[in-house]
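Working notes for the structure below.
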Amino acid sequence: MAQSANKRITVSDVLKDHVHKWQRGDIITIEAGTGVGKSHFIKHELYPIAKKERARILFFLNRTRLNEQFREEIKRDGKSDVITIILYQKYEWELLKNSVVVKEDYKYIVCDEFHYFLTESRYNKNTEDSFYAMINETSKIRICMSATADAMIAFFKYKNIQHESYSIPRDYSHIKELIFYQNDKVLEKFLHQIPKNHKVICFTRSAKKAFRLHDTLKNSMFVCSPSGTASEKKYMNKEKVSKMLIDEKFDEQFVFSTSTLDNGINLRDKQIKYIVADITDMDVLIQCLGRKRIIDKSDKVTVIIKNISNKMLNKLIRDCDRQIEPALYLQEHGTSAYVEKYRKQPNRIVYDCPVNNEVGYDKAINDLMFFKEIYDKQFFEQVVIQEDGYMDYIRMKLQQDTYTILDDTFDKADINDYLDTIIGKRLYKEEQSELIKKLNLRDGRDRRLKSYRTINEYFNEDNMPYNIRGKNRDQRRVLENGDINPNYNKTFWLLAKHQCL
């Protein structure tokens, strides 16, 4: 039977005819966006197969909250006889203790959100251990799933790890509008103007920034990692957060969260009209956008993302190089030369590896962290080539035709307010300088433009109803109150406002 044109293709649709062909030793990668049934496939397609084979499934998850939520689902559905849930971090801890976790009766290892190995490597050096332990389980069928699998699949190819890939088409038709912003204050101003019956979830890079926004916009909830190091975690209302995870919605108008909610958490609420993200890592960004589950075709959302300017992209490239170059030097020249050259320069991707030599250790490179730095650098270099490259990349990634820049709208509104206050006033040198500074017009060599003719051209091009008459001279010797005119014989500008047609 042909599928309805409106029905979204699910993981089960794609894999149900393939799963019986998988053999022990296979590595399967599944790239599929949020809400297309990755977990459903494991619970409803793979579960009965494993049960019939008298085999078991070991299911890896990467977030404590998601672990609790999914464990309850498995228990409620009576499927814990076959499916065992474990956190990657717990597995890594057991590996350090040389404990056996993957037992004989496990035929299937499912690595949910397997982008974890790369994205978390920046903060957790042990992801390399869990990754290679999984790869070395060659008697199992390993199923790796994620909405953001590109980087990990690139890593598989880089390491010549054989795998079979499946990809489900992405659908971003629920995005009503794509907006970028540059200035945090502009975002704050925008958030204050959102209608009270519209809800917002905002993801930030730091707990500090999330808490500051929460403190500014009172009808809000603050979320960060309960096990993280951020001092702001003491302000988190854990009961409210738990209620949100259970209800899959929140009562407040705003949620300000770090990326601790970046995957696996569902929010089903048509009142969520805005998703805001200030996130640099592309995989984490896409995961954050997937937290709102789309209920029907009328459920639309406006996505607002902080732009990364070319100046910042160049800084990020230099940051990557600071990690990559010492690692390359170690590869080429060995431990002794590396220690001599870089002993006072910390490097997060180079670590001490115990060996049987005169000093008792050798220097080694964390494969995943090393690749992540290279992958990120190549991405930054790709988008920095053209002006507004980051915004254009996101636009294409999210399948949007256009985008707008929030700052342009608010800056223009602010400038109009300012201009209205100086209509008809004589603008002498000091007032002219203030106007020039406010407008901040620049040429191709980044020089500030100062002539009133250039300003008039700007007004005309931007359809702003203003005009400056320059080269006026103040001939008044005495002011109306009888005082001597301090501006006698000085030139001034006069700003006029005309009616829009």
Side-chain angles (χ1 to χ4, degrees), residues 177 179-196 198 200 209 212-213 215-219 253-254 274 276 304 306-307 309-311 387-388 403-501:
E177 186 180 5
I179 300 174
F180 289 93
Y181 74 97
Q182 324 266 10
N183 189 298
D184 291 343
K185 290 295 180 186
V186 167
L187 175 68
E188 272 186 47
K189 194 170 182 178
F190 177 79
L191 294 177
H192 277 289
Q193 296 181 11
I194 289 175
K196 299 295 183 191
H198 289 181
V200 181
K209 182 175 283 188
R212 185 178 59 75
L213 285 164
D215 201 40
T216 305
L217 290 113
K218 297 302 179 186
N219 186 18
Q253 185 180 9
F254 301 95
Y274 297 89
V276 182
I304 304 174
K306 183 159 189 180
N307 182 35
S309 67
N310 281 11
K311 182 179 179 182
E387 190 177 358
D388 300 330
Y403 62 80
T404 57
I405 299 172
L406 202 58
D407 305 63
D408 290 352
T409 307
F410 277 84
D411 284 351
K412 193 169 181 178
D414 288 345
I415 287 167
N416 284 0
D417 289 344
Y418 165 72
L419 292 173
D420 285 345
T421 67
I422 59 171
I423 292 168
K425 292 184 179 178
R426 300 174 190 236
L427 306 177
Y428 300 98
K429 191 171 183 179
E430 188 176 330
E431 290 84 0
Q432 291 170 21
S433 295
E434 185 181 353
L435 173 59
I436 289 163
K437 189 176 178 182
K438 286 268 189 190
L439 294 174
N440 196 27
L441 306 179
R442 297 190 176 263
D443 65 12
R445 292 163 63 185
D446 203 35
R447 295 175 301 186
R448 184 172 276 159
L449 301 174
K450 299 179 180 181
S451 83
Y452 73 88
R453 291 189 180 89
T454 307
I455 294 172
N456 283 337
E457 286 173 18
Y458 161 72
F459 289 153
N460 187 47
E461 287 172 8
D462 268 37
N463 296 314
M464 296 173 71
Y466 302 95
N467 185 71
I468 295 174
R469 194 172 77 236
K471 293 191 175 179
N472 305 289
R473 191 171 293 279
D474 193 342
Q475 302 287 5
R476 301 171 303 163
R477 293 178 180 272
V478 180
L479 299 176
E480 289 179 6
N481 62 4
D483 291 344
I484 294 173
N485 181 10
N487 295 309
Y488 170 67
N489 215 29
K490 291 182 181 178
T491 58
F492 63 89
W493 294 349
L494 205 61
L495 180 72
K497 186 174 183 179
H498 53 79
Q499 293 294 321
C500 295
L501 297 176

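One is the number of the first residue; the rest follow in order along the sequence. Since the structure is predicted, the reported quantities are computational estimates derived from the model, not experimental observations. Values below: every heavy atom of this structure, side chains too, minus hydrogens, waters and symmetry copies.
- For the atom pair OH (Tyr181) and NZ (Lys306), the distance works out to 5.5 Å, reported to the nearest 0.5 Å.
- Using a 4.5 Å heavy-atom threshold, the side chains of Tyr274 and Ile194 count as touching.
- Distance alone, capped at 3.5 Å, is enough to place a donor-acceptor pair between the Asp407 side chain and the Asn183 backbone.
- A donor-acceptor pair under 3.5 Å is formed between the side chain of Gln253 and the backbone N or O of Pro195.
- Between the Arg448 side chain and the Asn440 main chain, no donor and acceptor come within less than 3.5 Å of each other.
- Without hydrogens or angle criteria, Asn456 side chain to Ile468 main chain gives a donor-acceptor distance under 3.5 Å.
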Problem - Criterion side-chain contact (heavy atoms from CB on, under 4.5 Å) on Phe492 and Asn487, from CA distance to verdict - result: CA-CA 9 Å; Phe492 63 89; Asn487 295 309; over 6 Å; no
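- For the atom pair CZ of Phe459 and NE2 of His498, the computed distance is 9.0 Å after rounding to the nearest 0.5 Å.
- Side-chain contact between Ile455 and Leu449 is absent, with no heavy atoms from C-beta onward closer than 4.5 Å.
- In this structure, CG in Asp388 is found 7.0 Å from CG in Asn307, a value given to the nearest 0.5 Å.
- Contact check for Lys471 versus Tyr452: side-chain heavy atoms found under the 4.5 Å cut-off.
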Report all side-chain donor-acceptor pairs from residues 474-484 shorter than 3.5 Å, counting only partners two or more places apart or in another chain.
from, atom 1, to, atom 2, distance (Å)
Asp474, OD1, Arg476, N, 3.1
Asp474, OD1, Arg476, NE, 3.1
Asp474, OD1, Asn485, ND2, 3.2
Asp474, OD2, Tyr428, OH, 2.5
Asp474, OD2, Arg476, NH2, 3.0
Asp474, OD2, Asn485, ND2, 3.1
Arg477, NH2, Tyr488, OH, 3.0
Asn481, OD1, Asp483, N, 2.9
Asn481, ND2, Asp483, OD2, 3.1

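- The shortest side-chain heavy-atom distance between Glu188 and Leu213 falls under the 4.5 Å cut-off.
- Rounded to the nearest 0.5 Å, atoms CG (Leu441) and CD (Glu457) are 10.0 Å apart.
- In terms of heavy atoms, Arg473 sits closest to Thr491 at NH2-CG2, 3.6 Å.
- Within a 6.0 Å sphere centred on CD of Gln193, other residues, nucleotides and ligands contribute more than 12 heavy atoms.
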Handout entry: Full working for side-chain contact (heavy atoms from CB on, under 4.5 Å) between Met464 and Leu419
Key = CA-CA 10 Å; Met464 296 173 71; Leu419 292 173; 4.0 Å; yes
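- Separation of atoms CG (Asp215) and NZ (Lys218) is listed at 4.5 Å; rounding is to 0.5 Å.
- Ile304 is listed as a side-chain neighbour of Phe190, based on a closest heavy-atom distance under 4.5 Å.
- Using a 4.5 Å heavy-atom threshold, the side chains of Arg426 and Asn472 count as separate.
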Exercise for the section: Step by step, work out the side-chain contact (heavy atoms from CB on, under 4.5 Å) result for Thr216 and His192. Expected result: CA-CA 9 Å; Thr216 305; His192 277 289; 3.7 Å; yes
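- The line from CG of Leu495 to CG of Asp420 is 8.5 Å long, rounded to the nearest 0.5 Å.
- In terms of heavy-atom proximity, Ile415 sits nearest to Leu439 at CG2-CD2, 3.7 Å.
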